[in-house]
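To start, the structure under review is shown below, and the notes come after it.
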Amino acid sequence: QVQLVESGGGLVQAGGSLRLSCAASGVTFSTYAMGWFRQAQGKEREFVVCISRNGGYTYYAESVKGRFTISRDNAKNTVYLQMNSLKPEDTAVYFCAQARTSYVASNYYSSSQYAYWGQGTQVTVSS
């Protein structure tokens with residue numbers, strides 16, 4: 001059974017940084033692309049970033065480009081999200097997700113491309 005467990009969320013002031021982690025189990029982690037999504041209160045879940053199975057390809061939402069960095073360590077079955085220059089509008093529950101494919105599909109921004117999801121970790125950015 002695939003399990004994804006996020007950690008690293010918390011409360012931070014605007015301009016600060018956080019590093020999220022997502023540990024995977026029950027899956028051959030290196031086989032699949034991975035993604036991060038977020039959902040703010042009262043809003044729909046939105047795509048943040050994804051990474052191919054070997055880390056060679058990454059795609060970012062425009063709203064986080066230049067501030068967030070995704071990476072993965074296949075030896076540790078973990079994907080990371082380094083978030084810098086955080087803004088109040090980044091406040092949301094952040095979810096990691098395992099893609100259905102090893103490659104980054106053309107509609108990588110769609111939640112339908114992801115088969116498994118973590119429970120989420122809260123990120124709150126105060127102004």
Side-chain angles (χ1 to χ4, degrees):
Q1 184 177 354
V2 177
Q3 279 196 315
L4 302 174
V5 179
E6 301 97 334
S7 61
L11 173 64
V12 64
Q13 288 189 331
S17 298
L18 283 174
R19 188 195 196 201
L20 306 184
S21 300
C22 172
S25 61
V27 61
T28 305
F29 180 75
S30 60
T31 302
Y32 297 97
M34 298 291 295
W36 286 94
F37 285 71
R38 66 186 182 186
Q39 187 168 18
Q41 193 170 7
K43 295 187 177 181
E44 292 187 356
R45 189 171 299 188
E46 65 173 2
F47 169 79
V48 177
V49 60
C50 63
I51 187 168
S52 60
R53 66 181 180 93
N54 62 1
Y57 295 93
T58 57
Y59 298 88
Y60 292 85
E62 283 298 321
S63 58
V64 306
K65 199 173 289 185
R67 300 187 298 121
F68 290 11
T69 303
I70 190 172
S71 61
R72 65 189 297 163
D73 185 339
N74 287 343
K76 295 183 178 180
N77 285 6
T78 301
V79 61
Y80 304 98
L81 182 63
Q82 178 66 44
M83 304 185 296
N84 298 329
S85 302
L86 282 161
K87 304 175 181 180
E89 51 262 45
D90 294 318
T91 295
V93 177
Y94 283 71
F95 300 89
C96 72
Q98 179 195 299
R100 299 181 186 277
T101 58
S102 61
Y103 55 90
V104 177
S106 58
N107 57 340
Y108 55 82
Y109 46 83
S110 172
S111 58
S112 64
Q113 281 298 315
Y114 299 83
Y116 296 96
W117 297 79
Q119 82 289 349
T121 186
Q122 177 71 48
V123 171
T124 303
V125 184
S126 64
S127 56

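Everything numeric here is computed off the predicted structure, so don't read it as measured data.
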Looking only at non-hydrogen atoms, find the nearest pair between [X] and [Y] and report the distance.
{"X": "C22", "Y": "M34", "result": "SG-CE, 4.5 Å"}
{"X": "S126", "Y": "L11", "result": "CB-CD1, 4.3 Å"}
{"X": "L18", "Y": "G8", "result": "CD2-O, 3.8 Å"}

Indicate whether the side chain of [X] and that of [Y] have a donor and an acceptor atom separated by less than 3.5 Å.
{"X": "N84", "Y": "S17", "answer": "yes"}
{"X": "Y94", "Y": "R38", "answer": "yes"}
{"X": "Q122", "Y": "T124", "answer": "yes"}

Can [Y] be reached from [X] by stepping across I, L, V, M, F, W or Y side chains whose heavy atoms are under 4.5 Å apart?
{"X": "L86", "Y": "V93", "value": "no"}
{"X": "V49", "Y": "V123", "value": "yes"}
{"X": "Y80", "Y": "V27", "value": "no"}
{"X": "I51", "Y": "Y60", "value": "yes"}

[Y] side chain reached by [X] side chain, heavy atoms, under 4.5 Å:
{"X": "R19", "Y": "L81", "answer": "no"}
{"X": "Y32", "Y": "S102", "answer": "no"}
{"X": "V104", "Y": "T58", "answer": "no"}
{"X": "D90", "Y": "R67", "answer": "yes"}
{"X": "W117", "Y": "S111", "answer": "yes"}

Charged tip of R53 within 45° of F29 ring normal and under 6.0 Å: no
Cation over ring face, R45 and F95, 6.0 Å, 45°: yes
Whether over 12 other heavy atoms sit under 6.0 Å from Y116 OH: no
With distance as the sole test, does [X] use its side chain to make a donor-acceptor pair with the main-chain N or O of [Y] at under 3.5 Å?
{"X": "E6", "Y": "S21", "result": "no"}
{"X": "S110", "Y": "N107", "result": "no"}
{"X": "R100", "Y": "S112", "result": "yes"}

Ring centroids only, cut at 6.0 angstrom: are Y114 and F37 within range, meaning strictly under it? yes
Establish, yes or no, whether a centroid distance under 6.0 Å links the rings of F47 and W36. no
Measuring from [X]:[atom1] to [Y]:[atom2], what's the distance to the nearest 0.5 Å?
{"X": "S127", "Y": "K87", "atom1": "OG", "atom2": "NZ", "answer": "14.0 Å"}
{"X": "Q41", "Y": "K43", "atom1": "CD", "atom2": "NZ", "answer": "11.0 Å"}
{"X": "N77", "Y": "S25", "atom1": "CG", "atom2": "OG", "answer": "8.0 Å"}
{"X": "Q98", "Y": "Q3", "atom1": "CD", "atom2": "CD", "answer": "12.5 Å"}
{"X": "R72", "Y": "S30", "atom1": "CZ", "atom2": "OG", "answer": "7.5 Å"}
{"X": "F68", "Y": "Q82", "atom1": "CZ", "atom2": "CD", "answer": "9.5 Å"}

Test applied, side chain to side chain contact (heavy atoms under 4.5 Å, CB included); reference residue, V79; option that passes from D73, I70, N74, L4: I70
